[in-house]
*Asks:* 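Handing you this structure, nothing more for now.
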Amino acid sequence: MSGNIQVLMKQHPTGWVQESDFEIVERPIPQPGPGELLVRNIWLSLDPYMRGAMDPVRSYRANLKPGELMIGGSVGQVMQSNNPKFPVGAYVVGYLGWQAYGVSDGTGLNIVDPKIAPLSAWLGVVGMPGVTAHYGLLQIGQPKPGDTVVVSAASGAVGGTVGQIAKLKGCRVVGIAGGKQKCDYVVNELGFDACIDYKAADMHDQFKAATPDRVDVYFENVGGQIMEMVFARLDTFARVALCGIISQYNLTKPEGFTGMRHLLVNRASITGFIISDHLPYWPGAIGELAGWLQQGKLKFRESVAEGLPNAPAAFIGMLAGKNFGKQLVRVGPDTL
């Protein structure tokens, strides 16, 4: 084994994240103590919530301090084990951060089966993003057959899954994504009924034409002007699942919101949620998602950066919408 490559947060970003906000170090591979195991990370997940963790402000989790390891979900293989629940050779998913190797006492780790889904998918469609989509749409959105469901960031790991589940539930699904290529993918590959390119000059006209019966369920990943546009088309008693507002995370002065009138007039409900608050929900959701995947009812796409040194650039690109589908970093080979 070589050393343990780690990516640290060097300093709190000001505005847009820069590669200079990270530091890449190499340290000795840690050794597991009693009851612990050593995991070699294979895949690292890059997700928008990590940007909030880099700010020194109140959030739903402890914020990173300069010099600390970047947080993140990972899939890896057990290399050494002093824990009988996790045998050597098993594949596990957990939150071991931006590093090549991690030691754990098993808390928060779960064994995964690459025969059920590819290892990388346990960080996507049958992982945290998939469960987020499942819970936000079905528990908060509560779609009914014939409802119009709108999904922002529709080509992403969460949004793409939301739209496909909504179609399985008999809904009309309208996505919002950036660029013709992503919109074509959302409609032609994922099966959405329509997709609006937020870069188009006539975005508002396109959106109005695509939602003739207004919007019953909105799954929000972006915020800002897109949220304003959708809120103006909400139907009576619409449900909004507030999952993320990625357009605002790098702004030193976030945009204001003027759509409160639409919530009042339409008696709409808006519920923010963090999927880590609902851990008992995960097993059932993963089981259903895995079943749909094996039946060919769910599709997914991945953007892959090779190696931990390229993680900061990939993370910055994801925040700018340059990724296509789930953004991952290949930390090492699937097998040694």
Side-chain angles (χ1 to χ4, degrees), residues 1-13 17 19-47 49-54 56 59 61-114 118-124 127-128 276 279 282 304-315 326-336:
M1 300 184 215
S2 58
N4 187 24
I5 303 297
Q6 297 182 317
V7 182
L8 315 179
M9 187 189 78
K10 185 177 181 180
Q11 60 196 10
H12 294 296
V17 182
E19 289 194 51
S20 57
D21 295 323
F22 301 91
E23 181 180 8
I24 299 172
V25 299
E26 183 172 357
R27 292 172 173 163
I29 295 172
Q31 295 301 305
E36 294 182 333
L37 57 147
L38 174 69
V39 178
R40 176 184 65 87
N41 282 334
I42 297 170
W43 292 99
L44 168 68
S45 174
L46 299 183
D47 300 284
Y49 75 84
M50 299 170 181
R51 176 62 184 85
M54 298 179 76
S59 186
R61 55 145 287 132
N63 300 96
L64 289 167
K65 298 179 177 61
E68 289 188 338
L69 179 72
M70 284 292 297
I71 59 170
S74 57
V75 167
Q77 188 172 31
V78 179
M79 305 303 290
Q80 300 176 33
S81 180
N82 299 317
N83 187 322
K85 295 181 180 179
F86 299 93
V88 171
Y91 293 101
V92 294
V93 63
Y95 285 84
L96 295 180
W98 295 27
Q99 59 180 345
Y101 296 89
V103 164
S104 171
D105 64 2
T107 301
L109 287 185
N110 289 289
I111 292 177
V112 298
D113 186 350
L119 287 177
S120 60
W122 291 97
L123 296 174
M128 181 272 288
S276 58
L279 294 180
W282 286 53
V304 177
E306 297 290 344
L308 283 169
N310 291 315
F315 179 62
K326 175 65 190 173
Q327 180 64 63
L328 298 165
V329 177
R330 192 194 309 271
V331 181
D334 283 9
T335 57
L336 290 179

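Side chains are part of it too, since the values below use all heavy atoms of this structure and drop only hydrogens, waters and symmetry mates. Fair warning: this is a prediction, and the values are worked out from it, not measured in the lab.
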*Asks:* Are the side chains of Y91 and I111 in contact, using a 4.5 Å heavy-atom criterion?
*Replies:* no
*Asks:* Measuring from atom CG of L119 to atom CD of Q77, what distance do you get when rounded to the nearest 0.5 angstrom?
*Replies:* 8.5 Å
*Asks:* Do Q80 and Q31 make a side-chain contact, defined as non-hydrogen atoms from C-beta onward lying under 4.5 Å apart?
*Replies:* yes
*Asks:* With ring pair (Phe, Tyr, Trp, His ring centres under 6.0 Å) as the criterion, how do W98 and F22 come out once you've worked through the C-alpha distance, each side chain's angles and the decisive distance to 0.1 Å?
*Replies:* CA-CA 11 Å; W98 295 27; F22 301 91; 5.7 Å; yes
*Asks:* Given L123 and L328, is the side chain to side chain contact (heavy atoms under 4.5 Å, CB included) satisfied, shown in steps?
*Replies:* CA-CA 8 Å; L123 296 174; L328 298 165; 4.0 Å; yes
*Asks:* Considering only heavy atoms from C-beta outward, does the side chain of L38 approach that of I29 to under 4.5 Å?
*Replies:* yes
*Asks:* Under a 4.5 Å cut-off applied to non-hydrogen side-chain atoms, are I24 and Q6 in contact?
*Replies:* no
*Asks:* For residues S81 and N83, is any side-chain donor paired with an opposing acceptor at under 3.5 Å?
*Replies:*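 Judged by distance alone, the side chains do not pair up.
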*Asks:* Between the main-chain N or O of W43 and the side-chain N or O of N41, is there a donor-acceptor pair closer than 3.5 Å?
*Replies:*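 A pair under 3.5 Å: no.
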*Asks:* Enter the distance from N63:CG to E68:CD here, rounded to the nearest 0.5 Å.
*Replies:*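 Here the rounded value is 9.5 Å.
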*Asks:* So, N4 side chain and R27 main chain: donor-acceptor pair closer than 3.5 Å or not?
*Replies:* no
*Asks:* Which heavy atom of D21 sits nearest to which heavy atom of Q11, and what is that distance?
*Replies:* OD1-NE2, 2.9 Å
*Asks:* V92 vs V75, test: side chain to side chain contact (heavy atoms under 4.5 Å, CB included). Steps then yes/no.
*Replies:* CA-CA 6 Å; V92 294; V75 167; over 6 Å; no
*Asks:* To the nearest 0.5 Å, what is the distance between OH (Y95) and OG (S276)?
*Replies:* 7.5 Å
*Asks:* Quick check against the 3.5 Å criterion: does E23 have a side-chain atom that pairs as donor or acceptor with the backbone of K10?
*Replies:*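 No; zero donor-acceptor contacts below 3.5 Å.
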*Asks:* I need the W122 CH2 to S74 OG distance, nearest 0.5 Å.
*Replies:* 14.5 Å
*Asks:* List the atom of I71, the atom of M50, and the distance in Å for their closest heavy-atom pair.
*Replies:*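 Taking I71 first and M50 second, the nearest heavy atoms are O-CE, 3.5 Å.
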*Asks:* Measure across L8 and G67 and return the closest heavy-atom pair with its distance rounded to 0.1 Å.
*Replies:* CD1-O, 3.7 Å
*Asks:* Roughly how far apart are L44 CG and L96 CG, rounded to 0.5 Å?
*Replies:* 10.0 Å
*Asks:* Closest heavy-atom contact between L46 and A314?
*Replies:* CD1-CB, 3.7 Å
*Asks:* List the residues meeting side-chain contact (heavy atoms from CB on, under 4.5 Å) with D105, not counting sequence neighbours, and say none if there are none.
*Replies:* E36, T107
*Asks:* Between S120 and K326, is a side chain to side chain donor-acceptor pair (under 3.5 Å) present by the stated rule, with each step listed?
*Replies:* CA-CA 9 Å; S120 60; K326 175 65 190 173; over 6 Å; no
*Asks:* Indicate yes or no for a side-chain donor-acceptor contact from R40 to the backbone of P333 under 3.5 Å, with no hydrogens or angles considered.
*Replies:*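 A pair under 3.5 Å: yes.
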*Asks:* So, does N310 use its side chain to make a donor-acceptor pair with the main chain of E306 at under 3.5 Å?
*Replies:* yes
*Asks:* Can you name the residues that form a side-chain contact (heavy atoms from CB on, under 4.5 Å) with N110, not counting sequence neighbours?
*Replies:* V93
*Asks:* In Å and rounded to the nearest 0.5 Å, what is the CG to CZ distance from D47 to F315?
*Replies:*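 The CG atom of D47 sits 8.5 Å away from the CZ atom of F315.
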*Asks:* Ignoring hydrogens, what is the shortest heavy-atom contact between P13 and R51? Give both atom names and the distance.
*Replies:* CB-NH2, 3.9 Å
*Asks:* Determine whether a donor-acceptor pair (N or O, by modelled atom type, separation under 3.5 Å) exists between the side chain of H12 and the backbone of K65.
*Replies:* no
*Asks:* Minimum heavy-atom separation for I5 to L308, with atom names?
*Replies:* O-CD1, 3.4 Å
